[in-house]
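Read through the structure below, which is laid out as structure tokens, and then see the notes.
By convention in this document, chain letters (A, B, ...) are assigned in the order of the sequence lines, proteins followed by strands, and residues within each chain are numbered from 1.
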Amino acid sequence: MSQEKPSVTVRFAGDSGDGMQLAGINFSFESALEGHDIATFPDYPAEIRAPRGTLYGVSGFQVRFGREEVLTAGDEVDVLVAMNPAALKRTLHLLKEGGILIADSDAFDAKNLRLAGYDTNPLENDDLKKKYKVLSLPITSLVREALKDSPLSVKLKDRTRNMFVLGLVFWIFSRDLDIAKDLIRRKFANKPEILSANLKVLEAGYYLGETLEIEIPKIKVSKASLPEGRYRTITGNQATALGLITASKLSGLPLYFVSYPITPASDILHDMARYRYMDVVAIQAEDEIAAISSAIGAAYGGAIGVTATSGPGLSLMSEALGLAVMTELPVIVIDVQRAGPSTGMPTKPEQADLLQAMFGRHGEAPLIVLASATPSDNFYMAIEAVRLATTHITPVILLSDLYLANGAEPWIIPDVNNLPKWKPHIWRGNGDYKPYMRDEETLARWWAIPGTEGAQHVVGGLEKEDVTGNVSYDPVNHEKMVRLRLEKVKRVADDIPEQEVTTGVPEGDLVIVGWGSTYGVIRSVVKQLVEQGYSVGHVHIRYLNPFPSNLQEVLGRFKKILVVEMNMGQLAFLLRGTFLMNVYQFNKVQGVPITERELMSEALKLLK
Amino acid sequence: MSQEKPSVTVRFAGDSGDGMQLAGINFSFESALEGHDIATFPDYPAEIRAPRGTLYGVSGFQVRFGREEVLTAGDEVDVLVAMNPAALKRTLHLLKEGGILIADSDAFDAKNLRLAGYDTNPLENDDLKKKYKVLSLPITSLVREALKDSPLSVKLKDRTRNMFVLGLVFWIFSRDLDIAKDLIRRKFANKPEILSANLKVLEAGYYLGETLEIEIPKIKVSKASLPEGRYRTITGNQATALGLITASKLSGLPLYFVSYPITPASDILHDMARYRYMDVVAIQAEDEIAAISSAIGAAYGGAIGVTATSGPGLSLMSEALGLAVMTELPVIVIDVQRAGPSTGMPTKPEQADLLQAMFGRHGEAPLIVLASATPSDNFYMAIEAVRLATTHITPVILLSDLYLANGAEPWIIPDVNNLPKWKPHIWRGNGDYKPYMRDEETLARWWAIPGTEGAQHVVGGLEKEDVTGNVSYDPVNHEKMVRLRLEKVKRVADDIPEQEVTTGVPEGDLVIVGWGSTYGVIRSVVKQLVEQGYSVGHVHIRYLNPFPSNLQEVLGRFKKILVVEMNMGQLAFLLRGTFLMNVYQFNKVQGVPITERELMSEALKLLK
Amino acid sequence: MTGTTGTILKPSDFQSSQEPRWCPGCGDYAILKQVQTVLAEKGYQPHEVVFISGIGCSSRFPYYMNTYGMHTIHGRAPAIATGLKVMRPDLSVWVITGDGDALAIGGNHLIHALRRNVDINILLFNNEIYGLTKGQYSPTSELYKVTKSSPWGTAENPFNPVLLALSAGATFVARTIDREVKHQREILKQADDHKGVSFVEIYQNCNVFNDGAFADFTDKKKQPETTIFLKHGEPAIFGVNRDKCLVVENGRLKVVKIEPEGSLPGNVYVHDETSLEKAMLVASLFGPAEHVPRPFGVFYRVRKPTYEEQLRQQRDRAKEKMGEVSLQDLLYGDETWQVK
Amino acid sequence: MTGTTGTILKPSDFQSSQEPRWCPGCGDYAILKQVQTVLAEKGYQPHEVVFISGIGCSSRFPYYMNTYGMHTIHGRAPAIATGLKVMRPDLSVWVITGDGDALAIGGNHLIHALRRNVDINILLFNNEIYGLTKGQYSPTSELYKVTKSSPWGTAENPFNPVLLALSAGATFVARTIDREVKHQREILKQADDHKGVSFVEIYQNCNVFNDGAFADFTDKKKQPETTIFLKHGEPAIFGVNRDKCLVVENGRLKVVKIEPEGSLPGNVYVHDETSLEKAMLVASLFGPAEHVPRPFGVFYRVRKPTYEEQLRQQRDRAKEKMGEVSLQDLLYGDETWQVK
Ligand SMILES: Cc1ncc(C[n+]2csc(CCOP(=O)(O)OP(=O)(O)O)c2C)c(N)n1
Ligand SMILES: Cc1ncc(C[n+]2csc(CCOP(=O)(O)OP(=O)(O)O)c2C)c(N)n1
Ligand code: SF4
Ligand code: SF4
Ligand SMILES: [Mg+2]
Ligand SMILES: [Mg+2]
């Protein structure tokens, strides 16, 4: 028996120590390799190692793969792996009726049931069995049995349970075990005993499928018709790191990356530190103020100064960002947003730093604000951030978020030679240099690098006289400079792409507007609505300050505007204030992504 | 010969060391004492002691007094004192045609002329003499002559020149020398020789007037009809300090004031430190982050936690303010705005921190934002800030600005017994305390003070479960808490006065909207326009978040709305975004106050 | 400060209903236990005590105490505690902080709290790593350490927290270690006894990201050779056979063998808690355990007026000069006039 | 670092066209002059040098130099200079900071720059007051000092900046004073010679808000009794008649009279720039000038790998391990597949 589906979602859930992330990543990669499009959503607990069996210790990894463009990790799951009662409790609501549940019945003992708050064993519940295809298997025993000849300790043997379920899931989707084996071989290359145990258990899981007595459908999903090219999977944070290095090569400028660890931005630091052999300087500062400050220092010295952080760090950078605005230096802040305010929920996504990015500095301190839309878009937007910073000579904030940062997707690897280079606006003249001489068109000031003979100058936070850069308290000069700094940022609109209607109809009844990681869910919903015959478009804004010059016109082509955000309506407020434009809002501030179902129902309300 | 005028403006200008501030304050106070209303504008250089004779070293003090409500320090001056060429150069444009110029001709020597950039001596210029009544007097010589018997050094003698011109100005306005003498006596009580020199010179200046050979009109201004009561002069910063102490008494709560010095907020710290005998604790922190943090600690301990700063400090407080929002503790930040961005122009006024106060924190972090309108209004708004913070249990930002902070006005001293007391929302129950139990109406959580038996609890920056305050990552709970925090601030609208039309007609053609220190100039212009028969109102907003509940309705009564600000349109943006309301803007970002003439001409454009 | 209101409680009375969420095996558990024990032994009541922490694994501490507490933001706990203690000298205020929290982002507030001698107890859980953010190096990680953020080894020298605290003006400075619970308890008690700021560095094993960082000092076999437990007035003797001691030679400390047995050299280092110079000298023993023993115990203890005491005196001086001033008089200020 | 490109310049070649705007008589003028002199003497070219300052009177310094410069924000100059120096080891980078800038708001960045041994020269203009904001006390103001923000006297103990710098890990630490221009110039030269972070505390008179703060050490009559000018390898002798010296007694320094004349006691303190312990010992002389002499000169100097050197080595290790990797390969990462 086998079913054919357009896309399928699998969720691996278990204790933090159960290796669910590894199983999920392995399965995702294999799915991509088989030619599917994928979207993933790792969802781990806040605790480093929560006690086993607890509800808050559940770690999950959700992956959706399909033959069409896969835009979200899925609202519901077709196959759910629950390694213990807590995992079941936390995730069962996600399982579709008729979906497959794989559970380790050995883990459903009295202690674990109590920790998860179950009075009775749910696996023995008839309703459960009616509603879902339940594969309740003594996985722990089966694994120990499979490894009875292995010299490993029981603890280490049990750690391979993730490979057992992975094998089983591979069987359900008729996957090629060899790819998984390859990955495992690479991972445990230096630990032969662990490697062989993992391989053995993987196979045990796979072949169990064949011998199962209950009827489990084998699910088939055709391959996606992805554009031709060489692919890899990439997360948002990986894409950011690679984008920055690429930008450094494209601009010919050295890269100074400095960061203070903070979830979910730390992985960018880890990557950059690893890429030390690529001539990146990657530094861990003593705090975020030092990070942005030293980035400013590096930028003054002629480097691309970049820092990455999350909300609390962005808040701390407020004052120094003002200095970057005043000195007009190309520094880039990547804000990987997480749920706030304050420490908030550090491991959950949110999009509530937009107004802070826009206005979170005293005085009139405008800067460029960008936002990437998908994990791999971080690659291009990181390059874009560097390009705009180094040609317009101004700080840039690039907004990413936890959902983008950790989510993975297949990415068609660009040919480096085809990426456009640019010339930073650096002073190379021999004439009389003044720090506030500007390019007539862009208003960018000339960036003169210390060491350049004859271009000595002082920049700083005090108001400066136009052109000469001498300290000035002159009233008219101050207003002129305030307006110049504003106008310079406004003119960036001439140097960015016009706003497109990303998906759906170019004009009509409703436009759904978003920014950041809501891209997938909006696009998916709009595609469905258009298929259903509705006149709906999707406008996804990646340039938030300045807005693309035609944005107002584009939005004006629709009768209704719905702004979708994981905050209380920050872009909505910006659109209202900027364009005096009435907009509807759909806001979800729960630290979990907006689902297709939720958005669909909101959209339909407006389409009635 | 004598002239009668409704109001008169005098400006004292000279080197920083010339004592112009002292002369100005003395004259202002005496004006107030004689029953006039007054408004002052001290305008000193950025440098501590700029070299003598330089343009950037000019220090000025402008005072306007009159029989009517005096709302601004005046666009132009009737009497200008210029102690040297630089002072003349910097201020002559302010002098009305036909106005009186008093200059120390001794100071117009070659060196000073050169420093001021004059090729020839302007005092000998015939045009000058035609346009103004010029009193070019060898003041230095006259002073030395008057003190020829004094044992003081020449340097110290010369320092009394300010008293000479003060005496002369007193003569011009037929003032009572005794009051000035009293003030001087108090100031130099411990320095008898300096005292006697000052008194002698003051008289010398006064009596010179009588013997002057050129014709100088004596100017008369009738007394103002001020409300009955006991008066003092007060600056904005003084009012803030007194307001905080008063609030402490009215609420029965101890006051913790902590600040890191910064212009123009430092004087609040100085006052508070002086008031140590009033049981205020006043502390100088190591930086602004420590200031706000320790205020939060004090507030947790049951005190009113207050800090005062200016833009750069407010930026640094962003992160900790988020904690205050999350922990819902009554801390108050007073932001005495100055010209930004970054270090900007620290000694010049601006109103460009409004959006930062509103949005300058990551995540959804709403708090109360207030703004005082006049120097003495700081007294009432400081009390209001404390009242709202301690009854709604939430942080408050009170916006003041340099113009309010340093400007003085007569203030009718309230009777302490008539000021309304209030009860802070403190937990005194014996029941089961949970940190996020709330008052049903205001949504204020109960403030339980350490030391209270049985109410032990932990607050912090992580998201908390409603009511219990346990750490929670629950999606629905998070959204609930985000909305609760927002709603709590919104409901403050029920606890603040409705918006009034401050001046002019209650509905009509044009409403001029402002906040902060533009109060005087807007009111003055609206009064004149109404007198001229125009249908114009003035709405001055002191509650910026939340807005008064009827604000939209009030503004809606006018055909046109003109928002006047010393920034690029921050309130205008808020009004647009909040009410989708089209507004006109008048913005001046020059670090100098908006003049009546400028605003009048803008208003007339809209009234055509 | 010692509790005032009533019955002596058990350590478990200081335990909150929240289950600790540290990794199984984390050194933080032991410290939590000792703190609860000390509070009980010293007769505190839970409502008299406040724990202020920053952010980090260790900073979760307040949740597990049945006292008042604030889990604040990264690095600011000493500043927050200062505001609290100044307004509430009646409370027993403890700061819980990590090596990143206290010495990276929070370094400035830490040294200022020490300089001011605020009467709080600062416990620095030093695991030489960032635990909560999953394993980056910290300002106490050793040079060249490989961590998530230093895959090629770090490039920077670590702080010596004890030395930093001494030079910043701390009046009580000690070092202890998670595994030596008795020593730890003793030190915590003395820290709390001390009137003025107490700074206690506690070596704490992070068994997930930096396991064994202090094994040299906890391994029962190595310990006698690698550690010196300082005692006031006593010579610094150590070694399995207690046959080694520290001597002062040309202003520096050196390890020498005691020979013949029992006869201490004349220049043996005798610890003196009241000497800042000696404290700094012995604190500068900071090399690898193979070469230099690491000192534990109380380095320095001296009674100086606390910040709160100084502030009170300041107020008294002001009051004495100004006498009783009513609020109404204050509002009047120096010069008023009457309009009728 | 010494200039490379050409002609020897005059001090005035380092002077910008901006007229200094310090108060007449301010100690900052003297320091400006010496710095310009040293740069000229050492053969720098203006475009090879960068001055980074924070905010304060002293921080106006860069405007008056005909070099590159940044007048940044309060307290952050060491962090900004770190970013610059790491990317541009070829430049000579100087940090100009005040006691408030460096030790109040900027304390953390300062100690971290010292710990990392960034090869920059940090000049701390210590006037024991906030000049620019018109006279509040600073972290170096003495206890009970009356200032604008402490009308009843302060309540807090000052930092000893030299001691703090030593304990934070600085590799060159010195103290000099505005009025001793020759000594100052010598110290500045040595600071610049030093490879690694150089920390120089310069006592600077603020004649407007804290006039005479260092009169004890500049007054020609008092000076011989109140100051000790440290010299490497030499005993610490002072006094009008050079008849006093420092001795080490039980680990502390004491002043004794040299008698009979010329015969130094055996325990006389002999300065050793390479000993951190000795540097800390002598730096702890910090009492009132009536009682203890104040040491000036180089406390400590030791050559350790600089931060930039360590970072370069880190990169070399990485490159050695990874070989040449093209950007294209980097983008490919570990696992790719082809879609046709
Ligand atoms: C402003 C800010 N920056 C960064 C972080 C992320 N962060 C949380 S804890 C931590 C460091 C933890 O290390 P440590 O203080 O040593 O505590 P440990 O977890 O080791 O106990 C960091 C960087 C944060 N919460 N806030
Ligand atoms: C964030 C911030 N807070 C406060 C200030 C105000 N401020 C400017 S300089 C200064 C202190 C100056 O003292 P110091 O560093 O000793 O320098 P000095 O003027 O004495 O040379 C302060 C508090 C500021 N500019 N920025
Ligand atoms: S990560 Fe380390 S410090 Fe944090 S709880 Fe786990 S073992 Fe403890
Ligand atoms: S205030 Fe003091 S430090 Fe500042 S310039 Fe004047 S004298 Fe120098
Ligand atoms: Mg740690
Ligand atoms: Mg200073």
Side-chain angles (χ1 to χ4, degrees), chain A residues 45-46 56 310-312 314-316 318-319 321-323 325-327 335 337 339-348 350 352-353 355-356 358-365 460-463 473 475-476 478-479 482-483 485-486 567-568 573-574 576-578 580-582 588-592, chain B residues 45-46 56 310-312 314-316 318-319 321-323 325-327 335 337 339-348 350 352-353 355-356 358-365 460-463 473 475-476 478-479 482-483 485-486 567-568 573-574 576-578 580-582 588-592:
Chain A
Y56 61 85
S310 189
L314 184 65
S315 283
L316 284 172
S318 303
E319 194 208 3
L321 269 172
L323 178 68
V325 168
M326 202 68 161
T327 53
D335 174 25
Q337 299 163 92
S342 195
T343 314
M345 307 196 301
T347 53
K348 303 292 168 192
E350 200 160 288
D353 298 352
L355 291 178
Q356 151 101 337
M358 288 292 300
F359 303 120
R361 295 161 294 282
H362 65 279
E364 297 287 348
L462 283 171
E463 186 58 286
Y473 285 77
V476 175
H478 176 50
E479 180 150 336
V482 166
R483 289 183 188 272
R485 287 185 288 261
L486 187 61
N567 61 37
M568 293 299 288
F573 190 81
L574 276 186
R576 282 202 193 93
T578 311
L580 264 190
M581 181 176 258
N582 201 3
K588 181 176 175 186
V589 203
Q590 305 195 352
V592 292
Chain B
Y56 61 86
S310 189
L314 184 64
S315 283
L316 284 172
S318 303
E319 195 208 3
L321 269 172
L323 178 68
V325 168
M326 202 69 161
T327 53
D335 174 26
Q337 299 164 94
S342 196
T343 315
M345 306 196 300
T347 53
K348 303 293 168 191
E350 199 160 289
D353 299 352
L355 291 177
Q356 151 101 337
M358 288 292 300
F359 303 121
R361 294 162 294 283
H362 65 279
E364 297 286 348
L462 284 171
E463 185 58 284
Y473 285 76
V476 175
H478 176 50
E479 179 150 337
V482 166
R483 289 183 188 271
R485 286 185 288 261
L486 187 61
N567 60 37
M568 292 301 287
F573 190 81
L574 276 186
R576 282 203 193 92
T578 312
L580 265 190
M581 183 177 257
N582 201 2
K588 181 177 174 184
V589 203
Q590 306 195 350
V592 291

Against chain B, label A/Met358 side chain, backbone, both or neither, depending on which of its atoms sit under 4.5 Å from a heavy atom there. neither
Donor-acceptor pair, distance only, cut-off 3.5 Å: does the side chain of A/His362 make one with the backbone of B/Ala352? no
Is there a donor-acceptor contact under 3.5 Å from the side chain of A/His478 to the main chain of B/Gly591? no
At a 4.5 Å cut-off on heavy atoms, which part of B/Leu580 comes close to chain A: side chain, backbone, both, or neither? both
Flag, side chain of B/Asp353 to backbone of A/Gly363, donor-acceptor distance under 3.5 Å: yes
Can you say whether B/Leu486 sits under 4.5 Å from chain A via the side chain, the backbone, both, or neither, judging by heavy atoms? side chain
Need one label for B/Val476: side chain, backbone, both or neither, based on atoms under 4.5 Å from any heavy atom in chain A. both
Which bit of B/Met568 comes within less than 4.5 Å of chain A, counting heavy atoms only: side chain, backbone, both or neither? both
Which atoms of B/Asp335 come close to chain A, meaning under 4.5 Å heavy atom to heavy atom: side chain ones, backbone ones, both, or neither? neither
Scored by heavy-atom pairs under 4.5 Å with chain A, the best of B/Glu350, B/Glu463, B/Lys588 is B/Glu463
Can you tell me which portion of A/Pro346 sits under 4.5 Å from chain B's heavy atoms? Options are side chain, backbone, both or neither. both
Against chain B, label A/Leu314 side chain, backbone, both or neither, depending on which of its atoms sit under 4.5 Å from a heavy atom there. neither
Name the option with the most non-hydrogen atom pairs under 4.5 Å to chain A; the candidates are B/Ser318, B/Gly460, B/Gly461, B/Pro45. B/Gly461
Taking only residues two or more places apart in sequence, or in another chain, which ones meet A/Glu364 in a salt bridge (charged side-chain N to carboxylate O under 4.0 Å, His left out)? none
The salt bridge (charged side-chain N to carboxylate O under 4.0 Å, His left out) partners of A/Arg576 (sequence neighbours excluded) come to none
Any luck finding a side-chain donor-acceptor pair between A/Ser315 and A/Gln356 under 3.5 Å? yes
B/Thr578 versus chain A, heavy atoms under 4.5 Å apart: side chain, backbone, both or neither? both
Do A/Gln590 side-chain atoms and B/Glu479 backbone N/O form a donor-acceptor pair below 3.5 Å? no
